[in-house]
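Below, chains carry the letters A, B, ... as their sequence lines are ordered, and counting in each starts from 1. Side chains included, hydrogens not; waters and symmetry mates left out as well; all remaining heavy atoms used.
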Amino acid sequence: MTVTTMDSNQRALVSAKLAILLFITAEVMFFGGLISSLVVFRSGPDPWLAPGQLRLPLEVTAVNTLVLLVSGVTFHLAYRALKAAQAEKFKKLLTTTAALGILFLAIQGFEWVRLLKFGLTLRASIFGGFFYCLVGTHALHVLGGLIALLWVLRRAWADAYSPEKFLGVEICRIYWFFVAGLWPVIFFLVYL
Amino acid sequence: MSQDQQGHDEHGHEHQQSFISHYIFSTDHKMIGKQFLLLSAIMACFGGFMAYLIRWEVAFPNTPAPFFGLVTPDKFNAIITLHGTIMIFFVGMPFLSAFPSNFLVPLMIGARDMAFPKLNMASFWITFVGAVLLVSSIFVPGGPVAGGWVGYPPLSASSEFTGVKIGAVLWILALACALVSSSLGGMNYLVTAATLRAPGMTFNRIPMTVWFLLASAITFFFSAGPLIAGAFMMLMDNAFGTGFFLPAKGGEPMLWEHLFWFFGHPEVYVLFFPALGFGLDIMATFTRKPVFGYKLILWCTGSAVALSYIVWAHHMFMSGLNPLLATPFSITTILISVPFAIIIFCMFATLRNGAIRLELPFLWIIGFLATFLIGGLTGIFLGSASADIYLHGTYFVVAHFHYTLFPSVFFGGFGAVYYWFPKMYGKKLNEKLGFLHLALTFIFFNGTFWPLFKVGMGGMIRRIADPSFYPQYHQFQGLNAFATVSAICLIATQVIFLWNLVLSLNHGPQAEKNPYQSNTLEWIADSPPPHGNWGPVLPVVTSDPYEYSKPGEAKDWQPQATNLPV
Ligand code: HEM
Ligand SMILES: [Cu+2]
């Protein structure tokens, strides 16, 4: 592999993609640390969900999981539309993705407020600690992705992207896949 | 220029840069490298002073230390904690990883700068903030954190045991800064090496220094996450009242040990790999021989990186770990010595039949090898669980890790500084002072840490503020005093280096472009290299980095690129 064959556009794309992939591996290790800690506690001798412990809202969150996963799909479709030079379709799908992301966060926030009212706090138990730390960190990641997405969206409506020029969309898409793909794992371990 | 695709359009004419954008918020990889160097030097002064206080108190308990006063037990605990944290995260990391990665990686692969210069600048300033947070914890109410640099809970997770609250939070934040900064840096070096190599710089033409700096970055990158997770949970414990690591609240203190050492063991290699890289390049230059077993070394490095993630529990043999786990972790630990042994033998083989030039950087590397070997070999004792039951927590461990870290960071690091100094500043360091610095450092280093093996084998436990309290340790008073006097001399010796710096920067002879007739690309750039490193044309690499003493050739070296004047 020689470097000479790349022009600067390609080089920027390759560099940025490599950087975001490395960043995601570091994130995977970070969540790996948190999740394996959770698994340590879950598999310990003490009952994970003590009798009288609040049960988490399973149905709503299951639907919410679907919302996030669908947003991943719409993002991918938007990307495909962009590459196929279907500018209008791209913009609409990307907007849908952002809307789904906002919906996910809104539902999460709403549920959090309810749980807090029911007395599930950070300090209530190890379970409470993990619930807020893990779910909260993930929510922060969704928020970060969403901010990036909104920035990309603004540029998309200003027609800054084309089938040849799509760096921002590409990076944002990779990150969004990570955030959306991570959630089912957390959902499975924390809620089920 | 068709070859120049790295986006530096303005090269060739002078940059008008203000003082601030040139020296402070610089995005030039060379300036950022020097900033890291300066930061590590300043932090080394703090760390060194603390080392003096620790040694003073161990050798002469309950007598006031000159320039400080009495080291009371609470101060002692805080000082050992800060010493470890500063030396690993704010001296070792910037000096051995960030400084050379920034300064050397772009130059040695023929790039004009890093792939993400702004990120690079951010990485320095994040470390800087971390250093400030850590130092400022000395002055907050309750004092700095005092649970040891490994931060074992419950001591570190709740203020009720130590009375330290703000200090603990500051310590965690400083750690977080160091980890984030090194991750950003590592990402940058890896992407740079992947995408910005000069034409012709194929993978097997990359010099060893670059390979090992990258190995160091990778090792760090995949191990930092779990510790960041642990630090996050510990921050929650300290600041928001969760109980992840507090048994009283149903938490699990050993979980922290796992998270910490999952990072901690790879981290010791992060601080060791760069020294190997410098060593190999410096040896090739001063033996006028190719590095022995280039590919073999790379395979060994790769397997060492992989193995480094599955040895961590050898720090925890005595922690209540399931004894069944001790055997597999003993095995992996002893296994990981194999690739390192092969690399060290490759270094020896490089020496064989060389036309050795006994110049200063080379001698520092020989000093590195001579001392590091002792550290590596004693690690094997500690790695076998049965021996560690006795040795764990004694001064033997202290001697072991200082015989590994000090050689890497200081012998390897100073070797690199003496070697690349002409490239960095366009001046040569004074040789005589350099020799004196090396000889005294070597003598006093061994004088400081060799006795500690004996003290440790005699059973003296580390981290004891007042050994006079324990009659069984009185017999070690003589050895401890000897070590302390040596340590004070060792610290004082470093003044020679500072003096050399001041003298050489101001009055030193102008360095040539390539004072050692070395092959690698950085010697083609001017000394010091201008902004953008190369003139209008990038070097085009046409040969391996180690083509020395080729039979039948008139000169005994062959620059990696010949399209630019050497
Ligand atoms: C073949 C090589 C090595 C082996 C087998 C080895 C093994 C060990 C073992 C088993 C321990 C735990 C001792 C105990 O706490 O009871 C230990 C501690 C330590 N080692 Fe090594 N080691 C090796 C190389 C290194 C290197 C290269 C470095 C650094 C550059 C290093 C730095 C440390 C540090 C800092 C500690 C102690 C940390 C603490 O407890 O405060 N070791 N080593
Ligand atoms: Cu280790």
Roughly how far, to the nearest 0.5 Å, is SG of A:Cys133 from CE of B:Met233? 7.5 Å
Would you mind checking which part of B:Met187 comes under 4.5 Å of any heavy atom in chain A, side chain (CB onward), backbone (N, CA, C, O), both or neither? both
Sequence neighbours excluded and cut-off under 3.5 Å, please list the side-chain donor-acceptor pairs for residues 84-92 of chain A, or say none.
unit_1  : atom_1 : unit_2   : atom_2 : d
A:Glu88 : OE2    : A:Lys91  : NZ     : 3.4
A:Lys91 : NZ     : A:Asp159 : OD1    : 3.0

Could you walk me through whether B:Ser183 and A:Phe23 pass the side-chain contact (heavy atoms from CB on, under 4.5 Å) test, one step at a time? CA-CA 8 Å; B:Ser183 301; A:Phe23 181 71; over 6 Å; no
Is there a side-chain contact between A:Met29 and B:Pro226, using heavy atoms and a 4.5 Å cut-off? yes
Given heavy-atom pairs under 4.5 angstrom as the criterion, report whether the side chain, backbone, both or neither of A:Thr137 touches chain B. side chain
Residues 213-222 of chain B vs chain A, non-hydrogen distance cutoff under 4.5 Å, contacting residues -> B:Phe221, B:Phe222
Distance-minimising heavy-atom pair for B:Gly243 and A:Ile126: O-CD1, 3.3 Å
Under 4.5 Å from any heavy atom of chain B, what part of A:Ala16 do you find: side chain, backbone, both or neither? backbone
Between A:Ser37, A:Ser36, A:Gly32, which residue shows the highest count of heavy-atom pairs closer than 4.5 Å to chain B? A:Ser37
Heaviest contributor of heavy-atom pairs below 4.5 Å to chain A, chosen from B:Asp237, B:Val191, B:Thr242, is B:Val191
If you compare all heavy atoms of A:Ser15 against all heavy atoms of B:Phe116, which two are closest, and at what distance to 0.1 Å? O-CZ, 3.7 Å
With sequence neighbours left out, what residues match A:Phe31 under ring-ring contact (aromatic ring centres under 6.0 Å, His included)? A:His141
Which answer fits B:Ile228, side chain, backbone, both or neither, if we ask what part of it has an atom under 4.5 Å from a heavy atom of chain A? both
Just to verify, what does B:Glu252 make a salt bridge (Lys or Arg N to Asp or Glu O under 4.0 Å) with, not counting sequence neighbours? none
Any side-chain heavy atom of A:Leu18 sitting closer than 4.5 Å to one from B:Leu190? no
Do B:His258 and A:Val40 have side chains that get closer than 4.5 Å, going by heavy atoms? no
Engaged part of A:Phe41 at the chain B interface, taking heavy atoms whose separation is under 4.5 Å: side chain
